[in-house]
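Encoded as structure tokens, the structure appears first; notes follow it.
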Protein chains: 2
Amino acid sequence: MTLEEAIKSSKFKDQRHKALIHIMYAAYQVKTNINQLLKNYALTGEQYNILRILKGSHPTPLCVKDIASRLIERNSNVPRIADRLEIKKLVKRFPSPEDRRETLIQITPAGLNLLDAATQAMEAEHQHIANLTEAEAAQLNQLLAQMLQD
Amino acid sequence: MTLEEAIKSSKFKDQRHKALIHIMYAAYQVKTNINQLLKNYALTGEQYNILRILKGSHPTPLCVKDIASRLIERNSNVPRIADRLEIKKLVKRFPSPEDRRETLIQITPAGLNLLDAATQAMEAEHQHIANLTEAEAAQLNQLLAQMLQD
DNA sequence: TATAATTACATGTATATACATATATTGTTC
DNA sequence: GAACAATATATGTATATACATGTAATTATA
């Protein structure tokens with residue numbers, strides 16, 4: 001479905017205005033697709049993102065603020081998402097011995113297993129979602145980078 | 001800030017994978033920017049979107065499902081967002097005389113005034129956010145449309 | 001070193017998202 | 001027209017987002 005069909009409107013002030021709406025529509029489509037896929041693993045998008053970040057540093061645990069600094073959506077509430085991961089025993093949590101204000105979070109073997117399975121499915125899905133050649137994707141990345149620079 | 005700086009990572013499988021993350025990052029930046037601006041009008045992004053949709057059909061009211069069908073985020077809960085707009089007297093709500101299952105929603109004069117002020121600020125902001133020429137924006141739109149097709 | 005400022009995290013509240021279920025109304029079929 | 005199916009909205013629950021506030025630990029400073 002095109003953007004115009006999706007929002008039943010084609011009244012854009014100009015191409016730049018349309019591009020802003022288009023980006024939000026594309027992001028929603030991508031997110032929805034990913035969330036659907038992750039339901040097979042009983043994970044939400046943010047839970048998956050946090051597991052992926054923790055795997056990146058594994059076996060070194062990360063504190064809450066280091067996880068937050070790697071998330072796109074900075075206002076996600078890492079302590080509460082970690083609560084849910086901990087209940088499912090996908091991460092464990094313990095106070096930092098060096099700075100007892102910090103809570104260190106580490107992915108468990110169960111977390112690694114689930115993440116690997118989800119990531120495999122995700123990569124297959126990514127190929128399906130992004131109907132672009134590598135050259136086109138590179139151009140899209142260049143335009144997005146330029147748009148966001150100030 | 002570039003995507004890589006924002007998420008402290010540059011490990012992408014390929015350009016297509018990066019493009020998906022990039023789109024979600026760009027959308028987040030745009031949304032955050034817009035939400036900040038709308039705080040001056042005590043509106044959330046979704047409240048603004050619904051007011052804009054209602055203005056589009058004004059003075060004809062729209063039922064809940066027609067509003068939902070024009071939103072990018074389809075799972076937004078229109079009845080509850082309408083609750084909040086109604087409390088602020090920005091919309092009024094009444095059962096449809098033709099089909100009493102439907103609730104018709106209409107933007108009030110106060111809603112129109114607030115929306116106009118917010119929209120004016122929004123348009124100025126849009127020019128600032130999207131650091132692209134019209135030709136570049138058109139190219140971005142083309143790439144997004146292609147990415148989302150089928 | 002006592003006090004103040006800062007930092008890190010947890011928690012509270014409002015809103016939104018995602019989805020399931022309930023209720024009222026309308027449409028369909030026999 | 002009665003029974004059933006479909007539709008429209010409302011409501012309930014879990015999670016996430018956005019932001020304010022509280023609390024403990026650390027750092028800075030007088």
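Basis for what follows: all heavy atoms, side chains included, without hydrogens, waters or symmetry-related copies. So that the names make sense, note that chain A is the first sequence line, chain B the second, and so on, each numbered from 1.
- For NZ of B:Lys92, the number of neighbouring non-hydrogen atoms (other residues, nucleotides, ligands) closer than 6.0 Å is 12 at most.
- Rounded to an integer number of Å, the gap from A:Ile50 CD1 to D:dT15 C1' is 12 Å.
- One can place CZ of B:Arg74 at 14 Å from P of C:dC19, the figure rounded to the nearest angstrom.
- When the P atom of D:dA16 is taken as reference, atom CG of A:Leu71 falls 11 Å away, rounded to whole Å.
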Nucleotide by nucleotide, nucleotides 19-24 of chain D touches protein heavy atoms under 4.0 Å in the pattern (B base, S sugar-phosphate only, - none) B-----
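- B:Asn49 and B:Glu46 are linked by a side-chain donor-acceptor pair at a separation below 3.5 angstrom, with hydrogens and angles left out of the test.
- Note on B:Ser96: every side-chain N or O is 4.0 Å or more away from OP1 and OP2 of D:dA8.
- Ranking D:dA8, C:dC9, C:dT26 by closeness to the B:Asp99 side chain, first place goes to C:dT26.
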In sequence, state the C-alpha distance, the side-chain angles, and the governing distance for A:Lys18 and A:Glu4, and then conclude on salt bridge (Lys or Arg N to Asp or Glu O under 4.0 Å).
CA-CA 10 Å; A:Lys18 179 174 171 179; A:Glu4 284 88 347; 2.7 Å; yes
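- Nucleotide D:dT7 holds its C1' atom 13 Å from the CG atom of B:Asp66, rounded to whole Å.
- Distances were taken from every side-chain heavy atom of A:Glu46 (C-beta onward) to each of D:dA8, C:dT15, D:dT17; the shortest belongs to D:dT17.
- A side-chain donor from one of A:Asn141 and B:Gln15 sits under 3.5 Å from a side-chain acceptor of the other.
- Rounded to an integer number of Å, the gap from CD of B:Glu86 to C1' of D:dA10 is 13 Å.
- One atom, CD1 of B:Ile34, and another, C1' of D:dA18, lie 16 Å apart when rounded to the nearest Å.
- A:Arg84 has its CZ atom 11 Å from the C1' atom of D:dT17, to the nearest Å.
- Phosphate contact (OP1/OP2 of D:dA16, side-chain N/O of B:Tyr28, threshold under 4.0 Å): absent.
- Within a 6.0 Å radius of CD in B:Gln149, more than 12 heavy atoms belonging to other residues, nucleotides or ligands are found.
- Distances shorter than 4.0 Å separate none of the side-chain N or O atoms of A:Tyr48 from OP1 or OP2 on D:dA16.
- Across all their heavy atoms, A:Val91 and A:Ala82 have their closest contact at CG2-O, 4.0 Å.
- Comparing A:Glu73 and A:Arg100 along DNA chain D, the residue whose closest nucleotide (by nearest heavy atom) sits nearer the 5' end is A:Glu73.
- Between B:Tyr48 and B:Leu115, the closest heavy-atom pair is CE1-CD1, 3.5 Å.
- Rounded to whole angstrom, the span from the CG atom of B:Leu85 across to the P atom of C:dA14 amounts to 17 Å.
- Heavy atoms of A:Arg93 sit under 4.0 angstrom from primed sugar atoms or phosphate atoms, though from no base atom.
- For the pair A:Lys31 and A:Pro79, both in contact range of DNA chain C, the more 5′-proximal nearest nucleotide belongs to A:Pro79.
- At C:dT17, one or more side-chain N or O atoms of B:Ser76 fall inside 4.0 Å of OP1 or OP2 (strictly under the cut-off).
- Residues A:Pro97 and B:Asp83 both approach DNA chain D. Their nearest nucleotides, taken by heavy-atom distance, put B:Asp83 toward the 5′ side.
- Donor-acceptor pairing under 3.5 Å is recorded for the side chains of A:Arg16 and B:Gln127.
- Residue B:Thr44 places no side-chain N or O under 4.0 Å from the OP1 or OP2 atom of C:dT15.
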